[in-house]
Student: 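Handing you this structure, nothing more for now.
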Amino acid sequence: MRVLGIETSCDETGVAIYDDTTGLLANQLYSQVALHADYGGVVPELASRDHVRKLLPLIDAALQEAQLTHNDIDAVAYTAGPGLVGALMVGATVGRSLAFAWNVPAVAVHHMEGHLLAPMLEDTPPSFPFVALLVSGGHTQLISVTAIGEYQLLGESIDDAAGEAFDKTAKLLGLDYPGGPRLAKMAATGTVGRFTFPRPMTDRPGLDFSFSGLKTFAANTIRANSSDTQTHADIARAFEEAVVDTLLIKCKRALQQTGFKNLVIAGGVSANQNLREKLSSMMAGRGGEVFYARPAFCTDNGAMIAYAGMVRLKAGCTADTRITVRPRWPLAELTPI
């Protein structure tokens with residue numbers, strides 16, 4: 001059985017084909033980073049228009065990569081939310097229309113479930129149950145996962161997501177969009193310990209996060225110090241250490257609360273090497289294991305949507321002929337399978 005997956009929730013157009021026997025057959029991705037760079041962030045209308053231009057050529061490219069025709073596709077999965085409403089509508093309209101034209105089922109996929117299941121694409125996937133940390137530009141959530149669709153929200157950011165705080169702090173440091181990866185690269189040359197940032201909400205019980213105050217602390221630190229390259233690198237290092245330590249502390253609490261041994265990290269920020277190294281060390285000390293998607297599957301991509309679509313398809317979760325999207329869609333509302 002083969003599923004074509006379509007991802008258009010924000011600023012990346014992704015198309016992939018997943019086979020339930022042989023695995024991933026094709027993966028095509030177009031990033032809109034250059035398009036939005038001049039604006040310092042994603043412009044929703046421009047994102048939608050670019051998805052319109054790029055989606056059909058990417059579908060053709062994916063079919064060619066897999067050496068298939070549309071007659072070999074058994075279902076079409078598309079991201080139905082959460083995300084930018086215009087961008088979602090592009091993928092949902094094309095996905096549902098192709099499914100109708102090809103006379104195959106359509107599957108509406110939850111974007112964050114796609115991220116959560118992305119590590120299942122690796123050679124050593126995690127086993128249930130596990131704690132999942134979904135950490136990206138739009139979300140920072142800790143979730144108890146006992147099976148696919150059985151999700152319990154343990155904690156989330158009450159303001160900025162971790163990735164959003166990375167991007168905003170990067171902008172304060174004069175870095176171009178996308179700021180998060182650029183800040184991490186700058187932090188690698190920073191001096192550990194020159195600046196000390198707070199670890200927000202770690203001095204109280206609970207699993208919620210808050211990163212807006214950390215961004216403000218960074219802004220004040222930048223204003224109070226010289227603007228030479230090394231000082232900015234030292235500030236970037238202190239900021240990154242604070243975010244990573246905060247995530248680490250909360251993950252440890254979630255594991256203690258649930259009693260689970262496995263930890264899954266997904267979303268764009270999960271590609272951060274400092275975060276990966278510290279979590280791996282922490283989990284080794286606990287006798288557990290941490291699982292990630294490969295870096296290419298940490299950010300938005302069609303492969304995770306194709307895989308999640310396959311899982312939902314096998315459970316009978318298909319979409320009707322209406323084209324609907326949900327820009328806001330709580331993960332806990334998904335049907336257990």
Side-chain angles (χ1 to χ4, degrees), residues 18 20 23-24 109-136 139-157 161-163 199 202 205-209 243-301 303-312 314-315 330-337:
Y18 185 84
D20 64 343
L24 191 65
V109 174
H110 192 292
H111 180 73
M112 299 312 294
E113 183 172 55
H115 275 302
L116 190 152
L117 297 179
M120 300 294 184
L121 291 163
E122 304 304 320
D123 293 335
T124 55
S127 57
F128 300 103
F130 56 79
V131 169
L133 173 66
L134 301 182
V135 55
S136 66
H139 299 82
T140 304
Q141 298 178 326
L142 278 166
I143 298 167
S144 167
V145 181
T146 52
I148 294 176
E150 295 183 9
Y151 310 132
Q152 179 187 358
L153 181 65
L154 302 174
E156 62 183 339
S157 179
R199 276 58 173 163
T202 59
L207 294 172
D208 285 336
F209 302 89
V243 174
V244 168
D245 285 352
T246 300
L247 296 173
L248 186 80
I249 291 168
K250 298 289 185 171
C251 284
K252 187 174 181 179
R253 286 185 187 176
L255 290 164
Q256 291 171 338
Q257 179 176 312
T258 60
F260 297 164
K261 294 293 185 182
N262 290 337
L263 177 67
V264 165
I265 314 296
V269 180
S270 69
N272 183 279
Q273 288 303 307
N274 192 1
L275 177 63
R276 290 192 174 212
E277 290 171 6
K278 287 196 172 184
L279 284 174
S280 294
S281 177
M282 185 264 285
M283 292 303 293
R286 292 178 56 85
E289 194 170 357
V290 60
F291 297 86
Y292 312 93
R294 70 196 74 170
F297 293 163
C298 290
T299 52
D300 296 349
N301 62 87
M304 68 183 192
I305 302 305
Y307 179 82
M310 175 68 74
V311 171
R312 288 281 164 182
K314 289 185 173 182
L331 192 62
E333 291 185 5
L334 290 179
T335 305
I337 58 176

Student: First locate atom CD1 of I265, then atom CZ of F130, and finally report the distance between them rounded to the nearest 0.5 Å.
Tutor: 10.5 Å
Student: What's the spacing between R199 CZ and L248 CG if we round to 0.5 Å?
Tutor: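 R199 atom CZ to L248 atom CG measures 10.5 Å (nearest 0.5 Å).
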Student: Mind listing the closest non-hydrogen atom pair of P129 and N262 along with its distance?
Tutor: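 Shortest heavy-atom contact: O-CB, 4.1 Å.
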Student: Can you check side-chain contact (heavy atoms from CB on, under 4.5 Å) on M120 and Y307, steps first, answer last?
Tutor: CA-CA 8 Å; M120 300 294 184; Y307 179 82; 3.5 Å; yes
Student: Stepwise, does the side-chain contact (heavy atoms from CB on, under 4.5 Å) test hold for H139 with E156?
Tutor: CA-CA 8 Å; H139 299 82; E156 62 183 339; over 6 Å; no
Student: Search all heavy atoms of E113 against all heavy atoms of Y151 and return the closest pair with its distance.
Tutor: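 Scanning both residues completely, I find the closest heavy atoms to be OE2-OH, 2.5 Å.
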Student: First locate atom CG of L263, then atom OG1 of T258, and finally report the distance between them rounded to the nearest 0.5 Å.
Tutor: 9.5 Å
Student: Answer yes or no: are there more than 12 heavy-atom neighbours, outside K261 itself, under 6.0 Å from its atom NZ?
Tutor: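 12 or below, so no.
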Student: Compare every heavy atom of L116 with every heavy atom of V264, then report the nearest pair and how far apart it is.
Tutor: CG1-O, 4.0 Å
Student: Between V131 and C251, is a side-chain contact (heavy atoms from CB on, under 4.5 Å) present by the stated rule, with each step listed?
Tutor: CA-CA 8 Å; V131 169; C251 284; 5.8 Å; no
Student: Could you walk me through whether L275 and Y292 pass side-chain contact (heavy atoms from CB on, under 4.5 Å), step by step?
Tutor: CA-CA 11 Å; L275 177 63; Y292 312 93; 5.9 Å; no
Student: If I compare all heavy atoms of R276 with all of C298, which pair ends up nearest, and what's the gap?
Tutor: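 Heavy atoms only, the tightest pair is NH2-SG, 3.2 Å.
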Student: Which value, rounded to the nearest 0.5 Å, describes the distance between K252 atom NZ and L279 atom CG?
Tutor: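 Atom-to-atom, K252:NZ and L279:CG are 12.0 Å apart.
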Student: Quick one, N272 and V243 - any side-chain contact, counting heavy atoms below 4.5 Å?
Tutor: no
Student: Ignoring hydrogens, what is the shortest heavy-atom contact between L334 and H110? Give both atom names and the distance.
Tutor: CD1-CB, 3.8 Å
Student: Determine whether L247 and F209 make a side-chain contact, defined as any pair of heavy atoms from C-beta on separated by less than 4.5 Å.
Tutor: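 Of all side-chain heavy-atom pairs linking F209 with L247, at least one is under 4.5 Å.
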Student: Considering only heavy atoms from C-beta outward, does the side chain of I305 approach that of Y18 to under 4.5 Å?
Tutor: no
